[in-house]
Amino acid sequence: MNKFIFLFIFISLLSCNKKEIDMTAYWKEFQEKNVEYKNTSQPQSFYFCDNKKDADECADLVVKKIKQATSPSVWWFEKNKEELPKVGDLAIVTDWNGDPKAIIRTKKVEIVKYKDITPEYAQLEGEGDKTLEYWKKAHWKYYQNEMKEFNEFPTEDMEIVCEHFETIW
């Protein structure tokens, strides 16, 4: 039995190490083809959404330059003690499995109440049918999911970080 546990841990460690190597190789390739980033440290990587289907779809939309914005809640940044994004930030977008798919650069950051999100912004985010109705339904569900373990709930007045970005690679 102990052999199997050791083998599982060993394979898991190899898999994690491979992801790090893949991410580093992806970043190095980007730097080689974009020399203006030669001295830039490898940025954070992340996937969008909280499930494989949506994360993979969003990564594909970023690659196709359809998805040009994302909308985490200010609540999330506060709970996780993370800094808000800033203009010029870079990030590597991955699929659900952590495979790098694109590099984005933040162009604009606005804090907007949920109730004040516009149809134009929903279109820019590029998900679903790109309507405000779709955006509100999908994001309300997402915010509910991220808050439920804290027994908190989204509100129409909650602040959303509207991060506009461009796909640069």
Side-chain angles (χ1 to χ4, degrees), residues 19-20 22-51 54-128 130 132 135-136 138-147 149-150 152 154-169:
K19 291 287 182 206
E20 288 175 28
D22 289 348
M23 195 67 66
T24 300
Y26 187 81
W27 178 248
K28 293 290 183 202
E29 182 181 351
F30 168 75
Q31 287 179 307
E32 288 169 10
K33 294 180 179 175
N34 298 274
V35 293
E36 66 270 30
Y37 295 99
K38 178 182 172 192
N39 296 318
T40 304
S41 298
Q42 181 176 318
Q44 69 169 337
S45 62
F46 64 87
Y47 53 82
F48 294 104
C49 304
D50 58 4
N51 64 79
D54 291 339
D56 292 350
E57 282 179 16
C58 283
D60 188 49
L61 291 171
V62 170
V63 169
K64 292 177 181 174
K65 299 183 179 187
I66 295 169
K67 180 172 178 59
Q68 300 173 50
T70 190
S71 309
S73 63
V74 169
W75 177 93
W76 183 91
F77 286 95
E78 291 171 350
K79 279 291 183 196
N80 291 285
K81 296 178 174 54
E82 293 283 337
E83 289 185 30
L84 293 175
K86 300 178 296 305
V87 171
D89 283 354
L90 299 175
I92 300 172
V93 175
T94 72
D95 62 13
W96 182 257
N97 295 323
D99 296 319
K101 298 297 178 183
I103 297 176
I104 59 173
R105 179 176 46 224
T106 303
K107 292 174 31 176
K108 179 179 175 182
V109 179
E110 299 176 289
I111 306 299
V112 178
K113 288 185 178 183
Y114 176 88
K115 68 181 180 184
D116 295 330
I117 297 293
T118 65
E120 295 79 16
Y121 182 78
Q123 175 82 24
L124 189 65
E125 191 157 313
E127 297 175 28
K130 302 181 189 124
L132 181 57
W135 186 96
K136 286 199 169 210
H139 285 78
W140 191 263
K141 182 179 175 185
Y142 178 81
Y143 301 136
Q144 283 179 319
N145 286 340
E146 76 176 356
M147 295 174 144
E149 84 174 80
F150 297 95
E152 295 184 47
T155 69
E156 288 283 324
D157 287 322
M158 69 184 276
E159 294 182 320
I160 306 302
V161 179
C162 295
E163 181 180 3
H164 303 245
F165 60 80
E166 61 184 333
T167 302
I168 61 172
W169 203 59

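All values derive from a computational prediction rather than experimental measurement.
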Is any side-chain heavy atom of [Y] closer than 4.5 Å to one of [X]?
{"X": "Lys141", "Y": "Lys136", "result": "no"}
{"X": "Glu156", "Y": "Trp140", "result": "yes"}
{"X": "Asp56", "Y": "Lys101", "result": "no"}

**OP:** Before giving the answer on side-chain contact (heavy atoms from CB on, under 4.5 Å), spell out for Thr94 and Asp99 the whole-Å C-alpha distance, their side-chain angles and the decisive distance to 0.1 Å.
**Re:** CA-CA 5 Å; Thr94 72; Asp99 296 319; 5.7 Å; no
Subject >> Residue list, salt bridge (Lys or Arg N to Asp or Glu O under 4.0 Å) with Glu57, at least two apart or on another chain >> reply: Lys53
Could you go through residues 104-111 and list every donor-acceptor pair under 3.5 Å that involves a side-chain atom there, pairing it with any protein atom two or more places apart or in another chain?
residue: Arg105; atom: NE; partner: Glu166; partner atom: OE2; Å: 3.0
residue: Arg105; atom: NH1; partner: Tyr37; partner atom: OH; Å: 2.2
residue: Arg105; atom: NH2; partner: Glu166; partner atom: OE2; Å: 2.7
residue: Thr106; atom: OG1; partner: Glu163; partner atom: OE2; Å: 2.5
residue: Glu110; atom: OE1; partner: His164; partner atom: NE2; Å: 3.2

With [X] via side-chain hydrogen bond (donor to acceptor under 3.5 Å, both in side chains) - residues at least two apart:
{"X": "Ser45", "result": "none"}
{"X": "Lys33", "result": "Glu29"}
{"X": "Asn34", "result": "none"}
{"X": "Asp157", "result": "Lys115"}

**OP:** Tell me, please, which residues at least two apart from Phe48 pass ring-ring contact (aromatic ring centres under 6.0 Å, His included).
**Re:**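 Counting only residues at least two positions away or on another chain, Phe48 forms a ring-ring contact (aromatic ring centres under 6.0 Å, His included) with Phe46.
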**OP:** Could you give me the CA-CA distance, side-chain angles and deciding distance for Lys113 and Met158, then say whether side-chain contact (heavy atoms from CB on, under 4.5 Å) is met?
**Re:** CA-CA 5 Å; Lys113 288 185 178 183; Met158 69 184 276; over 6 Å; no
**OP:** In sequence, state the C-alpha distance, the side-chain angles, and the governing distance for Glu146 and Ser73, and then conclude on side chain to side chain donor-acceptor pair (under 3.5 Å).
**Re:** CA-CA 10 Å; Glu146 76 176 356; Ser73 63; 2.7 Å; yes
Contacts table for residues 77-92: side-chain donor-acceptor under 3.5 angstrom, sequence neighbours left out:
residue: Lys79; atom: NZ; partner: Glu152; partner atom: OE2; Å: 2.9
residue: Asn80; atom: ND2; partner: Trp76; partner atom: O; Å: 2.8
residue: Asp89; atom: OD2; partner: Lys86; partner atom: N; Å: 2.8

Acceptor/donor pairs from residues 62-72 side chains to any protein atom, 3.5 angstrom cut, sequence neighbours excluded:
residue: Lys64; atom: NZ; partner: Asp60; partner atom: OD2; Å: 3.0
residue: Lys67; atom: NZ; partner: Ala69; partner atom: O; Å: 2.8
residue: Lys67; atom: NZ; partner: Glu127; partner atom: OE2; Å: 2.6
residue: Gln68; atom: NE2; partner: Lys65; partner atom: O; Å: 3.3
residue: Ser71; atom: OG; partner: Tyr121; partner atom: OH; Å: 2.8
residue: Ser71; atom: OG; partner: Glu125; partner atom: OE1; Å: 2.4

Original post:
With Ala55, which residues qualify under side chain to side chain contact (heavy atoms under 4.5 Å, CB included), at least two apart?
Top reply: Tyr47, Trp96
Subject >> Least distance between heavy atoms, Trp135 atom then Ala122 atom >> reply: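 Distance-wise, the nearest heavy atoms are CB-CB, 3.7 Å.
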Original post:
What's the verdict on ring-ring contact (aromatic ring centres under 6.0 Å, His included) for Tyr143 and Trp75, showing C-alpha distance, side-chain angles and the deciding distance?
Top reply: CA-CA 9 Å; Tyr143 301 136; Trp75 177 93; 9.2 Å; no
Original post:
Between Asp95 (side chain) and Asn97 (backbone), is there a donor-acceptor pair under 3.5 Å?
Top reply: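 Judged by distance alone, yes, a pair lies under 3.5 Å.
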Original post:
Could you state the interatomic distance from NZ (Lys130) to CD (Gln123), rounded to the nearest 0.5 Å?
Top reply: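 One gets 6.0 Å once the value is rounded to the nearest 0.5 Å.
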